[in-house]
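Structure, as structure tokens:
In the text below, chain A, chain B and the rest are named by the order of the sequence lines, each starting its count at 1.
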Amino acid sequence: GQVQGRLDGFFQVL
Amino acid sequence: MFEARLINSVTFKKVLDAIKDLLNEASFDCSEAGIQLQAMDNSHVSLVSLALRSDGFDKYRCDRNLTMGMNLASMSKIFRCSSNDDTVTIKAQDDADTVTFMFESKKQEKISDYEMKLMNLDQEHLGIPDTDFSCVIRMPAGEFARIVRDLSQFGESIVISCTKEGVKFSTSGDIGSANVKLAQTSSFEKEEEAVIIEMQEPVTLTFACQYLNSFTKATPLANQVQLSMSDNVPLVVEYQIPDLGHLRYYLAPKIEE
């Protein structure tokens, strides 16, 4: 099955 | 001193309607370049990125960079007190803890102002990397909203599959399954009716209906929407706000457990 991914990790915290 | 004047309050109303589903509060970063907002929803599944260029305003002045944390429900209450064609002026002093919205009717016979307390939001700024997307789809914003609404009746997720032939939206649930295929338009009378696909590699990704539906609240802002997809990176759903800026949504795909 599939689960909802998160955005954390895609974007760099400035 | 910060002052930004927009001829029609309705544009700001539409922007608020487009983001208040996802965000309860947000920081508006004001600089000489314009107003920017960037925030993730509470569950960190989607991100809203709004940019309004200073040259898109009727009048714009920003002496010092300013971050204004605002409650979006309160802001909506205030904008509901304005008529669509009222001119709105947003004003704040440097280091102020309030912001003032002034609405002027077209004939100047009614002027109202609303002062709102600002919030101290501890929002982190994120660097969004430039991505070369495998597929970029441009299509009528109303058509995208319609497809998302229609398919949401049947399942919780929508699979978006893009090939050079076209783009397919699919879902399945308890009652069955549904597919909507859109071919690239070869001829169109108006540019806003076009479906245009730029594809480097085919991509298939799955997204939650709930978020896609929230994004389509931006439909009144633009005739066209742009969807950008690559494997294993967030979907970007972009609405261009004519002569003013853009509203982009980022959405993490569903992944195999």
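Closest heavy-atom contact between A:Leu7 and B:Ser46: CD1-C, 3.3 Å. Residues A:Val13 and B:Leu126 share a closest heavy-atom pair of CG2-CD2, 3.8 Å.
Within a 6.0 Å radius of CD in B:Glu32, other residues, nucleotides and ligands contribute 12 heavy atoms or fewer. Counted within 6.0 Å of CD on B:Glu156, heavy atoms from surrounding residues, nucleotides or ligands total 12 or fewer; the atom is thus considered open. Few gaps surround CG on B:Asp94; more than 12 heavy atoms of other groups in view lie less than 6.0 Å from it.
Taking CD from A:Gln2 and CG from B:Leu205, the interatomic distance works out to 9.5 Å, rounded to the nearest 0.5 Å.
A ring-centre distance under 6.0 Å is not found for B:Tyr250 and A:Phe10.
Judged as a side-chain hydrogen bond (donor to acceptor under 3.5 Å, both in side chains), the pairs with a partner in residues 5-14 of chain A (not counting sequence neighbours) are, in order, A:Asp8-B:His44.
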